[in-house]
Amino acid sequence: MPNYFCEEGEHMQSRKSLVSFRGMLQRPKPTDSEADLLREQEQFLTSGATSAANVVRRPDKRRGETGGDGREHNRENEGRKRDVVTIEDLPDQLPSLTPAPPKKSRFKANRVTFDDDAEERLDKHDTHISAVLSRIVERDTSSTPVSLPTFTGMAFPKVLHRSETSSQVPLSSAGGKKSIFARHIAAQRLKEGKTPLYCAPEAAQTPELREKNLLVSGQGLGGPYSSGEIMRIHVENQAKLEAMSQSEIIEEQRKLLTQLDPRLVDFVRSRKAKSVLSSASPSKQPKAKSSKENVPSESEGLPVKRQKEWVHMDKLEPEKLEWMRDLPAPKKKGTKKAMQARFDFAGGLIPPTEDLPTHLGLHHHGEEPERAGYSLQELFLLSRSQVIQQRTLALSTLANILSKARAGEYQSVLTGSVMSTLLDAGLLFLLRFALDDSVEGVMSTAVHALKALLVCAEDEECLDCTFSWFHGIASFPLLPSAQEEEGDEDEGQDETMKEAAKEKEARKSDHDVARQDTVKGLLQMKLLPRLRYILEVVQPAPGAVHDILEVLIRISRHSSSSATQVLDCPRLMETVMSNFLPNSWTAASSPLTQSVYGVPLASAMKLLRVVATSGRHACARLLNSLGVSERLSCLLSAEPSELLLEPTEALRITTEAYRLWAVAAGYGQACKLYIHLYPALVKALQSVHRELAPSDPLLSLQLQRILALLSLLTQVTHTAGCHQELQAGMVSSQGEECPPPPPVSWGHVTGLQALLLGHLKGLVKSLDNPVQKDHSLVLIPVQYPTLYFLPVLDTLQELEQLTSDILLPIISHSVVQSLIKNLKSSSVVCNGPSSQLRPDTIPSLPGLACAGWRAHLGLVVSSSPFPLLTGLGLLLETITGIHKGLSCKVTGLLLSEPVIGYLRSCSQATPTLSQTRAWLLRHEHHLLYLLLQLAHKLVPIEPEVAKHASLYHQVALVLLTWLLPGSEYLAHEMLSTIIFSKDFIPEGHSGGPEAVELGELKLHEEIQHHPSPSLQAVGTLLREACVQLPSIRGCFLTHLAYLESSVLVSRDALLCCNPWINSHLLPELTGPTLPSDWPFLPLVSLYERTGVSDGGGLAVEQLPPGALQAVTHCLQWLLLLEIWREEALRVKEQKHVIMFDLFLEKPVQKLTWGLFRLLTRLDSLDLNVPPPGLASFQDLYSALLAQYEAVSFGDRLFGCWVLLPLQRRYSATMRLAVFGEHESMLRSLGVTLEQLCIPIERFTSPPEDSLPLLRLYFRSLVTGALKLCWCPVLYVVALSHVNSFIFSQDAAAQEVEAARHSMLRKIYYLTDEVLRNHLLLFRLPHQNSATGFEMYEQLPPIRAKRLESVLGLRDSSDDKGD
């Protein structure tokens, strides 16, 4: 666009100009184009009219200027015509109230004045004439040539005119600033072929000198012979440089550079570079001409072409037009280094080499201008811009980036976590500040970005899909794992320390809290009141309203305390209820409504449902205080098509209403509403088949609505089943606290039985229809739990008919059988985390990681058989519990090849526990439990099922360690029925102990030595353990009594005792219900109850009664698991500790010998893995050594357990502890090689390479602390390693070689001949020998030569010393 200015406007000053407006011919319009403006300008110039704006210069009175202009005279005349009020005797200036000091100018002292005399100033500054004369330097004129004027034919010289410039010498060749006359004379002398009188130093140099002489410029030398002086200096410098070497030149150059000012060096180098460039491209034309020719070249390189019509564009400013140039193409960098990520406005990652057009708006950034897209830093900067559009665009782009990061789209192309990077950079505070913006658009965009950070839509979809599953109402709180560590630190602290910890937590800053827990940090930043203000006062667009409701839903899922804060926030829930769940509303005038206020929203109903899930009291407050019951009646009493809402929104809000009602019914609440709305519920249930039209685009929403309705009926049925029990409890409670009986009873739900059975039969028939089979498979599982608590059918014949008409056809149907084949592929236990798409999750903001769940197999997809088999298992458990004869008819389910293969995979699986997998693992644990319970009923009566009893028992053992918080009742039931059942340990009564005895006898024959008699009793110990299984079960249940309260809560939830349920929110996910080392629980419990800390060990004060029996039962169970269920006992090392003096008891000794015998055959024993509850095995071993020294009395059994970790393949730390800190125990460690039952080669091979340990071996042997009669095993071990060390021929470090020589010399001069011979003549260990090792009769030649060489060196050194 051209610029329009007044010509005088370029020179006027802002404080001295007045603009008077007189009149205008025509003003440009906003709609005029550039061509219109140019045409109007041309018309104005040709018309000759006066300008509408004139510039008048105001005289500067400070400079004494007066307005002599006629305009000033006109202004004075105008002033005379005005009315002026004057006051007599009023001074022109106001008098000063206080005497002010005289004004002084700080520039006055520096001004040049000429008031005083020059002689006085000279005397003032220079007191003596010598100071002046001493500074006079005479110029050397001896070499200055004297030239006479040239003779001409004219009487007088020609007068020189200024216009005659062609005959003058240019300034560059005239030697700087010369007068015109001097330049004219110089030009005349050049014409005559004479040297000028005064030439510049550069002019005096020849071109050859210019090329060669780079050290001396000649500046300062005058006269015609200055070139000779320059050449002489140059030659002298060249000679000095040639005489110096290259290193000397570099050294002198370095010295010179260190002495000079760096700025001066840079200046000289820049001047030299400029001179080289100018000499490389000399110009033969004058500068004036070249500058004129450069103008069109500059204009050709400009991004726009200058036009003549543009006013005041005569002077080009290329640097201001650089931003309008076309961007260069992105550079293809051939490097593997990471580059800065840049994103488009949709959050997509732009490749570094992609060249996008500039009109997309992706190049408006300073760094890397050729690359399209914005980096995270630039988006953060734009989000704090003063321009509203920039703030909105930046926040919207960040929201899109967060959404794609949550979906895992950046995991393969970006290093690091995008969400972690954004949160570490302060994204949370940025969004919180943006919410406080005064512009509605910025607030809405900030809410959208906050929703993208907190909410994953696919997670919510998965939770909604599993809502109708067995126990699907319950869910884990989405708490970060960091809080688990804080909870562990609080354990064991007294009340005072806990209160101090709470105060410390309250003093934490928002940043510290948000770094550990994002949701908790947002709550501390007062997010809820701000969201309430936006909903109540701002009333944003529908999209922002939905985003706020989804953010509130995610906050409510965080924990029960967060849901309570949402419920307690002033006017928040009232605003939601009045605006988005009104009692009455009108139909929308148009489908594209601009506001959702005054209209029911499904998101608002879902928010109420999630808040109600947090606890019974929160649900009661919603129903009674906020009027949720009236809303449910209003929404569910009519058909969805009659709600004056869009069909999609009507189905969604009725679905959420059913789910909220189901949650309330899960507490035994809102049951009166069931009685009032019973006709509407029956009508909705009867219309199921009519609504399931395969061609209906709303089919999925209709299915969800039906599932929610069936879930509601299931919960109401469960509550009705508790009516009779609560009624009886109220009568017999005798004043004790007891929940009141619910208003519904069996009579209110009996009418549902016929409807549900009819639906099941219809769904079974529809399995043959290819169009409707998918819908039937979705609805069948949900109807089973509804029948779970229905009144018992009148006769057993009705149960048989139900089984034959419904259950067996479903199990044997081809569609169901093909679905069961997906059992293993859909399992979470058998399959690890998906590597296809892993969402970007952070510890402070956990999620379910359900991104892309529809694209691959899993528990929730339509091809998963888990919901169908879970519902089927619930119904089978109920029916077989009533009619045991029906159990035989469903054996095909347990014996089917997909189920057996799935159970085998589960028995060998090691699933990882995390927040993202726990919610799915819980549902799979339910199915495994139901299959095992069915097996528990079939194994005793079905021989075919009994063949797989070991597999079922193995699955039960591994499932017991997988069960999560909230499943304590399942663990209790498995311990009571399957784990210690003789039927599931068939080895105990099918020749298992005898087979073990035969294996032991064969092993004894192979090793050809006589073991301890106690080692042959393993078969007898196993038979005793199988007999004692009921007592063993009682022992473990007793030691698990600390879980009683959790078991009761879990029982109420899993058995659907609704009036006793306090919350549908499961306990915090801190790990499995039982520890992985639960088989050692009696030992651990006894150790913790009876041990008192005493100097690193445990001193026993008194053993509790029954301790011996508890230890015996625990060891019997461990022996049984070690032999027959070795894979299930994954923790098989550290807890085999001999405790107190119980090892002296005969039953304990037998069992412990048997366990030790088994462990000696295990090569997979890993002592590097720390035992549960301890930092390392070394700590446990140190306590074991201290216990051995205290109470062992030299017991051989205890000694074997001490020797077990001293094998060569384990860490040398434990051997150092024995020979260093506990050397005194070597006197009592009298285990023989026959009693050890471990090959001695495991202790002696390979040779020891730890020099400190070898020195300890040698010291214990030489000092007599280790003797063959005291400690035979370690004596042989020490002999073997020391002998191998002193006669080793391997190259080693000087220190090691010196240690070898020193030991060998000391051994040779030992006075103990027996020990000397043992150390020198040791050959190899041998267990059948009397000493435990073999010896040479004499030293082999190579060893004798080695000994002589070492002793010869010693003798020679002694001779030199003499």
Side-chain angles (χ1 to χ4, degrees), residues 347 398-411 416-424 427-428 431 448-467 472 474-484 514-523 527 547 549-560 562-563 603 606-607 610 613-614 828 832-856 858-860 911-923 964-965 1065-1066 1068-1070:
L398 288 173
N400 296 332
I401 293 173
L402 288 170
S403 300
K404 291 183 179 294
R406 270 196 166 275
E409 297 186 14
Y410 301 136
Q411 62 175 355
S417 171
V418 175
M419 296 189 65
S420 298
T421 303
L422 289 172
L423 288 179
D424 293 341
L427 175 67
L428 212 59
L431 298 181
H448 181 62
L450 187 63
K451 177 244 180 182
L453 173 65
L454 298 179
V455 182
C456 180
E458 294 179 319
D459 289 357
E460 294 294 331
E461 290 178 7
C462 288
L463 289 176
D464 292 342
C465 288
T466 58
F467 180 86
S475 61
F476 286 106
L478 298 181
L479 286 169
S481 57
Q483 292 190 359
E484 300 173 10
R515 185 175 55 184
Q516 296 178 358
D517 191 337
T518 302
V519 174
K520 192 174 180 180
L522 286 171
L523 292 175
L527 175 67
D547 291 341
L549 293 175
E550 291 183 11
V551 168
L552 293 175
I553 291 172
R554 176 59 180 84
I555 292 175
S556 302
R557 289 194 185 276
H558 175 264
S559 61
S560 58
S562 300
S603 301
K606 184 177 181 179
L607 172 62
V610 175
T613 307
S614 63
V828 182
S834 176
S835 59
Q836 298 178 359
L837 203 64
R838 289 175 293 178
D840 189 357
T841 58
I842 52 178
S844 63
L845 190 64
L848 305 184
C850 297
W853 61 278
R854 290 186 176 89
H856 53 271
L859 239 68
V860 193
T912 57
L913 178 61
S914 63
Q915 184 79 54
T916 58
R917 294 162 58 86
W919 70 284
L920 289 175
L921 287 171
R922 185 173 64 92
H923 292 291
L964 301 175
L1065 207 59
L1066 296 172
E1068 183 180 350
L1069 185 63
T1070 56

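If you read the sequence from its start, that first residue is 1, and numbering goes on from there.
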What's the spacing between [X] [atom1] and [Y] [atom2] if we round to 0.5 Å?
X: L479; Y: Q915; atom1: CG; atom2: CD; value: 7.5 Å
X: K451; Y: L552; atom1: NZ; atom2: CG; value: 13.5 Å
X: L454; Y: L428; atom1: CG; atom2: CG; value: 7.5 Å
X: D547; Y: L450; atom1: CG; atom2: CG; value: 9.0 Å
X: S559; Y: D517; atom1: OG; atom2: CG; value: 7.5 Å
X: R557; Y: D459; atom1: CZ; atom2: CG; value: 9.0 Å

**Message:** Applying side chain to side chain contact (heavy atoms under 4.5 Å, CB included) to K606 and D464, what does each step give before you reach the verdict?
**Reply:** CA-CA 10 Å; K606 184 177 181 179; D464 292 342; 3.2 Å; yes
Could you tell me which non-hydrogen atom of [X] sits nearest to which non-hydrogen atom of [Y], and how far apart they are?
X: S914; Y: L1069; result: O-CD2, 4.0 Å
X: T1070; Y: P965; result: N-CG, 4.5 Å
X: P477; Y: H558; result: CB-O, 3.4 Å
X: C850; Y: W919; result: SG-CZ2, 3.2 Å
X: P480; Y: P843; result: CB-O, 3.0 Å

**Message:** I need the single residue from I553, I555, V551 that forms a side-chain contact (heavy atoms from CB on, under 4.5 Å) with L607. Which is it?
**Reply:** I553
Heavy-atom side-chain proximity of [X] to [Y] below 4.5 angstrom:
X: V828; Y: P911; value: no
X: T841; Y: P846; value: no
X: L453; Y: L845; value: yes
X: L964; Y: L1066; value: no
X: L848; Y: L478; value: yes

Donor-acceptor pair, [X] side chain versus [Y] backbone, under 3.5 Å?
X: R917; Y: T912; value: yes
X: R922; Y: F476; value: no
X: R515; Y: L423; value: no
X: T466; Y: C462; value: yes

**Request:** Apply side chain to side chain contact (heavy atoms under 4.5 Å, CB included) to the pair M419 and L427, showing each step before the final yes or no.
**Result:** CA-CA 9 Å; M419 296 189 65; L427 175 67; over 6 Å; no
**Complete:** Contacts of F467 meeting ring pair (Phe, Tyr, Trp, His ring centres under 6.0 Å) (sequence neighbours excluded), chain-then-number -> none
**Request:** Go through E409 and V418 one step at a time and tell me if the side chain to side chain contact (heavy atoms under 4.5 Å, CB included) criterion holds.
**Result:** CA-CA 11 Å; E409 297 186 14; V418 175; over 6 Å; no
